[in-house]
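Reading through the structure tokens given below for one structure.
All values reported here derive from a predicted model rather than from experimental measurement. All ligand and atom numbering here is 1-based and tracks the order in the structure.
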Amino acid sequence: MRIDILTVLPELLISPFDYSIVKRAIDKRLVEIHVHNIRDFSSNKHKKVDDYSFGGGAGMVLTIQPIDAAISFLRSQRDYDEIIYTAPDGELFNQQTANKMSCFENIIILCGHYKGIDQRIRDTLITKEISIGDYVLTGGELAAAVIVDSIVRLIPGSISDETSALSDSFQDNLLAPPVYTRPADYKGLRVPKILLSGNTNEIDKWRFEKSEERTNLLRPDLI
Ligand code: ADE
């Protein structure tokens, strides 16, 4: 899989992909992540990428030219399954969307900008708009990092224990059960006995019950 990210703040997207599962997936060549600075595609002599909003109002708006040039360049190299724009008014992101996107070959993610981008970009170049939650971020970069992280860990081979991603919260519309590790007794706080029993059937049953219990309690809307 190849992910191209377009942003005016590429520096914000260095560290999220440089650790843990995402880094390992890149090292194993399961995914390529390319971060592009929109400014590099500006035809303006000062590499300007934003301008005042027509009709007035505070804040600068990203212009169509550099974004059109960047997307045209990428599309001349390969086909893309989806050209995504991150914005608080997009479709709410969830595990089901992450699952679908992890099967794609190539995607572009255009990071939103705090005062928005020229609407004509959204109308003509973008195929999907995604919000990561009902709150407003300063820009779409952190949203892009969240989306990429959630997709990459689903690519087969990213997680060493293949079944691990499938047992995540939300995969079956249930929250994950609680987990414990050594010591079995910490200052009198004991690990549930069943987990020490070695009886895998009983343990699976217990975990499923705990998942249901937690989901009913914390996220009844998922059931
Ligand atoms: N940009 C600003 N806020 C956002 C959000 N909640 N989701 C995606 N992109 C955003």
Side-chain angles (χ1 to χ4, degrees), residues 1-22 31 33-42 48-55 57-68 70-71 74 80-104 106-155 168-171 175 218-219 221-222:
M1 182 182 202
R2 178 184 166 115
I3 304 173
D4 286 283
I5 304 178
L6 303 177
T7 170
V8 288
L9 286 170
E11 298 82 1
L12 253 182
L13 287 170
I14 297 168
S15 69
F17 308 136
D18 215 18
Y19 296 93
S20 186
I21 290 169
V22 178
V31 65
I33 301 172
H34 299 267
V35 179
H36 309 272
N37 191 340
I38 293 169
R39 211 170 285 282
D40 294 340
F41 293 88
S42 173
K48 203 167 136 75
V49 291
D50 55 8
D51 214 325
Y52 296 100
S53 180
F54 275 132
M60 303 293 270
V61 176
L62 285 188
T63 58
I64 190 167
Q65 180 277 319
I67 292 171
D68 179 36
I71 292 176
L74 291 171
Y80 284 91
D81 298 285
E82 208 85 83
I83 302 178
I84 294 153
Y85 173 60
T86 56
D89 54 355
E91 188 187 310
L92 215 49
F93 191 62
N94 60 20
Q95 192 64 37
Q96 203 187 335
T97 311
N99 288 344
K100 270 192 217 145
M101 287 174 63
S102 71
C103 300
F104 288 157
N106 303 307
I107 57 171
I108 294 174
I109 303 178
L110 169 63
C111 298
H113 185 250
Y114 75 107
K115 268 297 167 197
I117 62 173
D118 191 306
Q119 182 61 35
R120 291 167 293 184
I121 299 164
R122 301 176 72 163
D123 292 343
T124 62
L125 299 170
I126 298 301
T127 62
K128 191 178 185 65
E129 303 191 324
I130 294 181
S131 162
I132 62 158
D134 289 339
Y135 41 82
V136 178
L137 302 166
T138 308
E141 286 76 14
L142 297 179
V146 166
I147 293 166
V148 169
D149 186 292
S150 68
I151 294 170
V152 169
R153 61 197 304 288
L154 293 168
I155 300 173
D168 285 344
S169 282
F170 302 111
Q171 273 306 3
L175 301 181
L218 302 170
R219 292 294 306 276
D221 56 297
L222 290 175

Identify, for [atom], the protein heavy atom at the shortest distance, and state residue, atom and that distance.
atom                   : value
atom 7 (N) of ligand 1 : Ile132 N, 2.9 Å
atom 6 (N) of ligand 1 : Tyr135 O, 2.8 Å
atom 9 (N) of ligand 1 : Ala87 N, 3.2 Å
atom 3 (N) of ligand 1 : Leu137 N, 2.9 Å
atom 1 (N) of ligand 1 : Pro88 CD, 3.6 Å

Distance-only N or O hit between ligand 1 and Val136, under 3.5 Å: no
Whether Gly112 lies under 4.0 Å from ligand 1, heavy atom: no
Gly139 touching ligand 1 at heavy-atom level, < 4.0 angstrom: yes
Ala143, portion touching ligand 1 at heavy-atom distance under 4.0 Å: side chain
Between Asp4 and His36, a side-chain donor and acceptor under 3.5 Å: yes
Greater than 12 external heavy atoms within 6.0 Å of Lys48's NZ: yes
Over 12 non-hydrogen atoms of neighbours within 6.0 angstrom of CZ in Phe104: yes
Test item: [X] side-chain N/O and [Y] main-chain N/O as donor-acceptor pair under 3.5 Å:
X      : Y     : result
Ser131 : Glu91 : no
Thr97  : Phe93 : no
Asp118 : Thr63 : no

Atom indices of ligand 1 within 4.0 angstrom of Ile130 heavy atoms, with elements: 8 (C)
Pairing of Asp81 and Lys100 as salt bridge, 4.0 angstrom limit: no
